[in-house]
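Presented below is the structure to which this report refers.
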Amino acid sequence: MGKELFDNIPSKVGDLLSDVRNGKVGLPDLQRPFVWKDSKARDLLDSMLKGYPIGYIMLWQSPEGYETVSKIGTNDKTYIRPDYLVIDGQQRLTALLAAINGIRVKDKNYVDRAIRISFNPLTREFAVWTEAYERNPEWIGEISKVFAADDDHNVSKFRRQFIKDCNAGREKNNKLLLTDDEEETIEANLNDLLNLSIYTLPTLRINSKATEEDVADIFVRVNSGGQKLTEKNFIETLLAVYDNDVHDKIDAFCAASRIPKDGTSYNFILKVDPSHLIRMAVGLGFRRARLRYAYMLLRGKNLEDGTITSEEMKVNLEKFKNALDKVTNLNNWHAFMGLFADAGYVNGSIVASTNAVVFCYVLYLIGKYEYKVQPIALQKIVKKWIFMSTITYFYTGSTESEVEKQFADLRSVTTADGFVSYLDDVIRTRFSDDYFNLTLPTYLASAAARSPSWYGYIAALNVLGTPMLFSTATLAAKMLPGASGDKKAIDKHHIFPKHYLTEIGYTSDRDRNQIANFTYLDYNTNIDISDNPPADYVSRYKEKLGDTGYKKSCAENALPEGFENMDYPEFLKKRRKLMAGIVKKAYLKLCE
């Protein structure tokens, strides 16, 4: 057995929370979203009061070389840099800090809030705070009030006042006053509540000799609360240690991407996560795609010779910050998001991979800042790249390897024209005649609910400004967020309705839910067609639109002429080819 990289040293909850507050233990989650529901914090406290185990805490002793780090948290700390970083147990410690010490946290929408847990000293019950518990004299509205009475005198004073208020409430409601036994129960349970601070948590301390690769590997292998921990959580922890301003900037940008206000990062495509911005900054600043490179670089590792120095850390952090400034520049961000919409992806519901947004943005910024491509040429090539990469699964699967290869290819490109030509060459290779004639129809032979091929077809309709089937309204206009009011403006409809297909012998959803059997209809048209057989509803719309208008609508929506009288398998085969043709037509329009 290899030498252990950790020590098992049990810690008292009160000591851990004190160390977090004074900065000895770095817990950056106070600035990051707290994902637990309040009920989970309540259950955590209840388990502790009952003496149940609640897992363990994992800390990493700050290794040598962490010389220039910022303070953790928003309040002043005794420790300029932490002696330990919390690697596992962040959510539990955050919950305890918030509930016991009254420290506010940020929720998943980055809104500042409190975690208030109530306690009944007579019944030993915990509850999530409500106005009813706050007004009930037999409940302590927030347990933080008990822990705020931090010496014997104040705790005794708190207990006497609680008993007094409890008796006043009973007297008001014509109930018997507290008995001596009940008063003793209250005292005992308040003491037990306060003794949660001496609850012992198993604490694994990884020593400073462990490298960041060791710690990240341990971190990723450990399960916490049933949720697999990830590299991105570890990197966010390091960022909060290295430079809290950078950490706060990332969080602010992510928070604003969820708030529809002018002058923010809000957009219709992507709810930004810190890992997205980290990937973008590392991709732009260091031409690296793998997330694991982020913690190596921030640790001060030279990726060429493997050495780690404080000087390299300073250089890398500065380079990271400069790249992050460009990534979070709102002019860059919204200009790029406009290109995504121009490429047909008008909202995030039809973007199958967030990696497509992340790495397309990196390419856009590389083209703008490194190669200084003229704006019109850059916009054109990036729109084509977005369209190609999202439909061809370019950023699905071994994404990091594909992007690493692309970065390697670009090392030999030195001019703006060379950059545009390189991307054009890749696009033409992917968008070959075989792709449109064979590959794409094959990908469309699927019943997958989230398919880049289906979404690419929808994007193509948006690029072409195509009206929906049997309608004058464009699909793009109806797909914009906020376009639907109280009801959905459009519906995804079976061209050969499911009920009809069942009646003629197609009982499998895989057969009935083929991509080629779908189209979008406006709400009223969908209601009108309902479950009617194609031959029935087609006759009505031929009469309504006229022969020319009907044929035009079918052609624009990739419906083969006379589809209503076709056998279902024949219809699917012909429509897949027509859908691929629509995608090609949209691509050629983007090339104009």
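Residue numbers count from 1 along this sequence. Hydrogens, waters and symmetry mates are skipped; everything else that's a heavy atom, side chains included, is used. Just so it is clear, the model here is predicted, and its values are computed rather than measured.
Without hydrogens or angle criteria, His334 side chain to Thr264 main chain gives a donor-acceptor distance under 3.5 Å. When atom types are taken as modelled, the side chain of Asn267 and the backbone of Ser265 share a donor-acceptor pair closer than 3.5 angstrom. The closest donor-acceptor contact from the side chain of Arg512 to the backbone of Thr507 lies under 3.5 Å. Using a distance-only test at 3.5 Å, with no hydrogens or angles considered, a donor-acceptor pair links the side chain of Asp273 to the main chain of Ser275. In this structure, the side chain of Arg575 engages the main chain of Ala516 through a donor-acceptor pair within 3.5 Å. At distances below 3.5 Å, at least one donor-acceptor pair connects side-chain atoms of Thr429 with backbone N or O atoms of Asp425. Ser553 places no side-chain N or O within 3.5 Å of a backbone atom of Tyr550 that could act as its donor or acceptor partner. Remark: side-chain polar atoms of Asn347 are paired, donor with acceptor, to backbone N or O of Met479 under 3.5 angstrom. The backbone N or O of Thr390 lies less than 3.5 Å from no partner atom in the side chain of Tyr345, so there is not a single donor-acceptor pair. Formation of a donor-acceptor pair under 3.5 Å by the Asn462 side chain with backbone atoms of Ala476 is found in this model.
Inter-residue side-chain proximity for Tyr371 and Tyr422 is flagged as unmet; no heavy-atom pair is nearer than 4.5 Å. Within the 4.5 Å cutoff, no side-chain heavy atoms of Cys554 are placed close to those of Pro560. Leu378 places a side-chain heavy atom less than 4.5 Å from the side chain of Tyr364. In this structure the side chain of Phe394 reaches within 4.5 angstrom of the side chain of Trp385, judged on heavy atoms. Residues Asp424 and Lys384 form a side-chain contact, since some pair of their non-hydrogen atoms from C-beta on lies under 4.5 Å apart. Contact annotation: the side chain of Ile381 approaches that of Ile427 to within less than 4.5 Å [non-hydrogen atoms, C-beta and beyond]. Taking 4.5 Å as the limit, some side-chain heavy atom of Tyr395 sits within range of a side-chain heavy atom of Cys360. Between Lys249 and Asp325 there is a side-chain heavy-atom pair separated by less than 4.5 Å.
Thr399 OG1 to Glu404 CD: the interatomic distance, rounded to the nearest 0.5 Å, is 11.5 Å. Of the inter-residue distances, the one linking Leu559 atom CG with Ile495 atom CD1 reads 4.5 Å to the nearest 0.5 angstrom. Atom CZ of Arg428 is separated from atom CG of Leu423 by 10.5 Å, given to the nearest 0.5 angstrom. Within the model, atoms CG of Leu464 and CG of Leu475 stand 11.0 Å from one another, a figure rounded to the nearest 0.5 Å. Remark: Asp511 CG to Leu501 CG distance equals 8.5 Å, nearest 0.5 Å. To the nearest 0.5 angstrom, Met566 atom CE is 4.0 Å from Lys574 atom NZ.
Taking a 6.0 Å sphere around NZ of Lys383, one finds it holds more than 12 heavy atoms contributed by other residues, nucleotides or ligands. Within 6.0 Å of the CD atom in Gln374, the count of heavy atoms belonging to other residues, nucleotides or ligands does not exceed 12. Heavy-atom contacts from other residues, nucleotides or ligands closer than 6.0 Å to CD of Glu570 number more than 12. At most 12 heavy atoms of other shown residues, nucleotides or ligands fall within 6.0 angstrom of atom CD1 in Ile376. By the neighbour-count criterion of 12 heavy atoms within 6.0 Å, atom NZ of Lys498 is densely surrounded, having more than that number from other residues, nucleotides or ligands.
Side chains of Asn517 and Tyr506: no donor on one and acceptor on the other come within 3.5 Å.
Residue pairs satisfying the side chain to side chain donor-acceptor pair (under 3.5 Å) criterion with at least one member in residues 434-453, sequence neighbours excluded, are listed as follows: Tyr393-Ser453. Within the structure, side chain to side chain donor-acceptor pair (under 3.5 Å) pairs that include any residue of residues 466-476 comprise Ser471-Asp522 (at least two apart or interchain).
Minimum interatomic distance between Ser47 and Ile54 (heavy atoms only, all atoms of both residues): CB-CG2, 3.9 Å. Between Gly283 and Phe407, the shortest heavy-atom distance links the atoms O-CZ, 3.9 Å. Of all the heavy atoms in Arg113 and Ile115, the pair that sits closest is NH1-CG1, 3.7 Å. Smallest separation of non-hydrogen atoms from Tyr537 and Asn532: CD2-O, 3.5 Å. Residues Leu270 and Trp333 come closest through the heavy atom pair CD2-CH2, 4.4 Å. Of all the heavy atoms in Phe286 and Leu297, the pair that sits closest is CG-CD1, 3.5 Å.
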Determine, stepwise, if the pair Ile391 / Tyr455 fulfils side-chain contact (heavy atoms from CB on, under 4.5 Å).
CA-CA 7 Å; Ile391 193 173; Tyr455 292 151; over 6 Å; no
Run the side-chain contact (heavy atoms from CB on, under 4.5 Å) test on Thr328 and Val272 for me, step by step, so that the C-alpha distance in whole Å, both residues' side-chain angles and the decisive distance to 0.1 Å come before the verdict.
CA-CA 11 Å; Thr328 56; Val272 184; over 6 Å; no
Pair Lys577, Leu444 - check side-chain contact (heavy atoms from CB on, under 4.5 Å), show working.
CA-CA 9 Å; Lys577 290 185 176 181; Leu444 289 167; over 6 Å; no
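Between Asp38 and Arg116, no side-chain nitrogen of the basic residue sits less than 4.0 Å from a carboxylate oxygen of the acidic one, so the salt-bridge criterion is not met. Salt bridge annotation for Lys405-Asp409: present, with a cationic side-chain nitrogen under 4.0 angstrom from a carboxylate oxygen.
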Which pairs would a plain distance check flag for residues 582-592, meaning a side-chain donor or acceptor within less than 3.5 Å of a matching protein atom at least two apart in sequence or in another chain?
unit_1 : atom_1 : unit_2 : atom_2 : d
Lys589 : NZ     : Val463 : O      : 3.2

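Ring centroids of Tyr266 and Phe268 are separated by less than 6.0 Å, placing the two rings close together.
Cation-pi geometry between Lys326 and Tyr369 is met: under 6.0 angstrom from the ring centre, within 45 degrees of the axis.
For the pairing with Tyr568, the ring-ring contact (aromatic ring centres under 6.0 Å, His included) check across Phe563, Phe496, Tyr500 returns one residue only, Phe496.
Between Phe336 and Tyr361, the two ring planes are tilted [angle within 30° to 60°]. Under the 30°/60° scheme for interplanar angles, the aromatic rings of Phe518 and His494 are found to be tilted.
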